[in-house]
Amino acid sequence: MVALIVILFPPLLIAFLLVMERVEEPLRRPTSQREVEDFLGSATQGEVSTLAHSGIRRAMSRWRTRRQGRGRTTPRPVLTERVTESGEGARRAE
């Protein structure tokens, strides 16, 4: 049993360190001036409250998450009728 622990501990430790590096990478990245300007121009009341209570890093994280989610949830317009050059589609709609 001890031999198994001795064999498995180094690879598990390396795997843990690699995962933690991926988690910490966004936290080390500095916030650019353009992102701060965009944040101040489009922040919601909740995001401003987060800025006041938790600081810029947490507020920017919340803002980025909202902006990423907004891009994915925007529905595409649905075309219900095909309009031809002669205007047949416009006549059928009347």
Side-chain angles (χ1 to χ4, degrees):
M1 182 69 177
V2 173
L4 186 62
I5 292 173
V6 169
I7 292 171
L8 290 179
F9 183 74
L12 290 175
L13 181 62
I14 291 172
F16 176 75
L17 291 174
L18 289 172
V19 168
M20 289 309 297
E21 183 179 351
R22 293 192 79 182
V23 169
E24 291 176 356
E25 190 275 325
L27 300 174
R28 287 188 299 235
R29 187 181 71 196
T31 303
S32 70
Q33 182 177 356
R34 180 177 172 86
E35 282 183 315
V36 172
E37 290 172 357
D38 289 344
F39 171 79
L40 294 174
S42 65
T44 63
Q45 183 64 28
E47 291 163 347
V48 172
S49 177
T50 301
L51 174 64
H53 295 289
S54 301
I56 189 72
R57 287 185 188 258
R58 188 160 189 176
M60 290 298 293
S61 173
R62 183 176 175 181
W63 177 74
R64 286 181 188 126
T65 303
R66 178 176 62 91
R67 287 183 50 103
Q68 289 174 352
R70 181 177 61 187
R72 281 184 260 141
T73 59
T74 305
R76 291 185 174 182
V78 178
L79 299 175
T80 57
E81 186 175 313
R82 185 175 180 181
V83 179
T84 60
E85 289 182 21
S86 64
E88 293 174 13
R91 280 189 232 127
R92 276 189 260 153
E94 293 176 355

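These figures come from a predicted structure and were not determined experimentally. Atom set for the values below is all heavy atoms of this structure, side chains included, hydrogens, waters and symmetry mates excluded.
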For Thr65 and Ser61, indicate whether the former's side chain and the latter's backbone hold a donor-acceptor pair under 3.5 Å.
-> yes

Flag side-chain contact, heavy atom, 4.5 Å: Thr50 against Trp63 = no

For Arg64, check salt bridge (Lys or Arg N to Asp or Glu O under 4.0 Å) against everything at least two apart and list the hits.
-> Glu35

Nearest-0.5 Å distance, OG1 of residue Thr44 to CZ of residue Phe39 | 7.5 Å

Co-members of the apolar cluster containing Met1 [side chain, <4.5 Å] | none

Residues clustered with Val6, ILVMFWY side-chain links under 4.5 angstrom | Val2

In short, salt bridge (charged side-chain N to carboxylate O under 4.0 Å, His left out) pairs touching residues 6-25 with sequence neighbours left out are Glu24-Arg28

Could you list all the salt bridge (charged side-chain N to carboxylate O under 4.0 Å, His left out) pairs where at least one residue sits in residues 39-51, not counting sequence neighbours?
-> Glu47-Arg66

Residues forming a salt bridge (Lys or Arg N to Asp or Glu O under 4.0 Å) with Glu37, sequence neighbours excluded = none

For Pro11 against Ile7, the heavy-atom pair lying closest together | CD-O, 3.3 Å

Set of residues satisfying side chain to side chain contact (heavy atoms under 4.5 Å, CB included) with respect to Leu8, sequence neighbours excluded | Leu4, Leu12

